[in-house]
*Asks:* 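Sharing a structure below in structure tokens format, with a few things to ask.
Side chains are part of it too, since the values below use all heavy atoms of this structure and drop only hydrogens, waters and symmetry mates. Bear in mind that the values here come from a model prediction, so they are computed numbers and not experimental data.
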Amino acid sequence: MLKALFVSAAILTMGATGVAHAGVSTPTQPEALVEQAALSIEDAQGEALADAVLSALDLDLIARFTLGRHAASLSDEDQSRFADALEVFLRKQLVSQSAKLQSVSLEILQTANRNARDAVVTTRVTGFGEPLTVRWRVVERRGVWSVVDLEFQGVWLAIEQRAQINAILAKPGAAIEDVIKQLG
């Protein structure tokens, strides 16, 4: 399940052959980030595509969030190993699926500002059959905007990943190695 969520997020939301705005005159910073992520991978393949996608994500924040309450009991080294495993997994998936990402288009529909440093950008993704609505949670941290979560088909991926990781680590005798193994 954990792998399926990461793969789905990468395949369904990060590739784009074009970006359009539905009634948006001047993009906000969160919209600009989503647009730039889409445009930067438009012609990319393989490792270049993975670099473009991963550069839009705050992997450290995502990794800490997905570890949830277990992060407090892990050493900095173990947290770093998990974040590294997450990045390696995503990179492999993106490289292996890069050809499929070339036919995807993204349209920015609206942005809901949660506060000055937190927004949700709603997009329509086409190119995989029926259009999908994908929402991007974008936050500003230390002056840099980045994607920290994605929602499609009613599931926020980082929240679901957190539940999956909690289920693994809540088992008696479980360790961070068990989670890292799940990432492959």
*Asks:* Find the distance between CH2 (Trp136) and CG (Leu57) and round it off to the nearest 0.5 Å.
*Replies:*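 The CH2 atom of Trp136 sits 8.5 Å away from the CG atom of Leu57.
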
*Asks:* Sub-3.5 Å donor-acceptor pair from the side chain of Thr123 to the main-chain atoms of Glu107, do we have one?
*Replies:*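 Absent.
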
*Asks:* Look up atom CG in Leu86 and atom CZ in Arg91, then write down how far apart they are to the nearest 0.5 Å.
*Replies:*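 If we round to the nearest 0.5 Å, Leu86:CG and Arg91:CZ are 11.5 Å apart.
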
*Asks:* Just do the side chain to side chain donor-acceptor pair (under 3.5 Å) check on Gln29 and Trp145 with the steps written out, would you?
*Replies:* CA-CA 7 Å; Gln29 286 182 305; Trp145 286 90; 3.0 Å; yes

*Asks:* Does the distance from a Lys or Arg side-chain N to an Asp or Glu carboxylate O, for Asp78 and Arg81, drop under 4.0 Å?
*Replies:*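 So Asp78 pairs with Arg81 through a salt bridge.
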
*Asks:* For Leu74 and Gln79, which heavy atoms make the closest approach, and how far apart are they?
*Replies:*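 For Leu74 and Gln79, the tightest heavy-atom pair comes out as O-NE2, 3.4 Å.
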
*Asks:* Kindly indicate, with the supporting measurements, whether the criterion side-chain contact (heavy atoms from CB on, under 4.5 Å) is fulfilled by Arg124 and Leu132.
*Replies:* CA-CA 6 Å; Arg124 180 178 301 121; Leu132 296 172; over 6 Å; no

*Asks:* Salt bridge or not for Asp178 and Lys171, using N-O below 4.0 Å?
*Replies:*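 Looking at Lys171 together with Asp178, the answer is no, because their closest N to O distance does not fall below 4.0 Å.
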
*Asks:* Write down the atom of Thr66, the atom of Ala158, and the distance for their closest heavy-atom approach.
*Replies:*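 For Thr66 versus Ala158, the nearest heavy atoms are CG2-O, 3.8 Å.
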
*Asks:* Can you find a pair of side-chain heavy atoms, one from Arg137 and one from Val147, that are under 4.5 Å apart?
*Replies:*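 Not touching, per the 4.5 Å side-chain cut-off.
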
*Asks:* Go through the steps to decide whether Val121 and Leu109 satisfy the test side-chain contact (heavy atoms from CB on, under 4.5 Å), and finish with yes or no.
*Replies:* CA-CA 8 Å; Val121 179; Leu109 301 175; over 6 Å; no

*Asks:* Any chance you could measure Ser73, atom OG, to Leu67, atom CG, to the nearest 0.5 Å?
*Replies:*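 Taking OG in Ser73 and CG in Leu67, the distance rounds to 9.0 Å.
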
*Asks:* Would you mind reporting whether Asn166 and Arg69 have side-chain heavy atoms less than 4.5 Å apart?
*Replies:*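 Touching, per the 4.5 Å side-chain cut-off.
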
*Asks:* What distance do Leu59 atom CG and Leu90 atom CG have between them, rounded to the nearest 0.5 Å?
*Replies:*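 Spacing of CG (Leu59) from CG (Leu90) equals 6.5 Å.
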
*Asks:* About how many Å separate OG1 of Thr111 and CD of Glu31, when rounded to the nearest 0.5 Å?
*Replies:*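 If I round to the nearest 0.5 Å, the distance is 3.0 Å.
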
*Asks:* Looking at Gln161, Arg162, Glu160, which hits side-chain hydrogen bond (donor to acceptor under 3.5 Å, both in side chains) with Gln164?
*Replies:*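 Filter result, single survivor: Glu160.
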
*Asks:* Knowing that exactly one of Leu54, Leu183, Ile62 qualifies, which makes a side-chain contact (heavy atoms from CB on, under 4.5 Å) with Glu87?
*Replies:*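 Going through Leu54, Leu183, Ile62 one by one, the side-chain contact (heavy atoms from CB on, under 4.5 Å) with Glu87 is satisfied by Leu54 alone.
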
*Asks:* Could you state whether Ile168 and Ile159 fall into the same hydrophobic cluster, counting links through intermediate Ile, Leu, Val, Met, Phe, Trp or Tyr residues with side-chain heavy atoms under 4.5 angstrom apart?
*Replies:*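 No, no single cluster joins them.
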
*Asks:* Quick one: do Ile108 and Val120 end up in the same hydrophobic cluster if we chain Ile, Leu, Val, Met, Phe, Trp and Tyr together by side-chain heavy atoms under 4.5 Å apart?
*Replies:*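 No: no chain of side-chain contacts under 4.5 Å links Ile108 to Val120.
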
*Asks:* What's the spacing between Ser80 OG and Asp60 CG if we round to 0.5 Å?
*Replies:*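 It is 7.5 Å, given to the nearest 0.5 Å.
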
*Asks:* Got Glu151 and Val134 here, is their nearest side-chain heavy-atom distance under 4.5 Å?
*Replies:*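 Side chain of Glu151 against side chain of Val134, heavy atoms only: no contact under 4.5 Å found.
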
*Asks:* Quick one: does Val179's side chain get under 4.5 Å of Phe82's, heavy atoms only?
*Replies:*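 Yes - at least one pair of side-chain heavy atoms lies under 4.5 Å apart.
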
*Asks:* Phe65, Leu150: one ILVMFWY side-chain cluster at the under-4.5 Å cut-off?
*Replies:*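 No, it is not one cluster - the side chains of Phe65 and Leu150 are not joined through contacts under 4.5 Å.
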
*Asks:* Looking at side-chain heavy atoms only, is the closest gap between Asp118 and Asn113 below 4.5 Å?
*Replies:*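 Contact flag for Asp118/Asn113 side chains = no.
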
*Asks:* Regarding Asp149 and Arg135, does a basic nitrogen lie under 4.0 Å from an acidic carboxylate oxygen?
*Replies:*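 No.
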
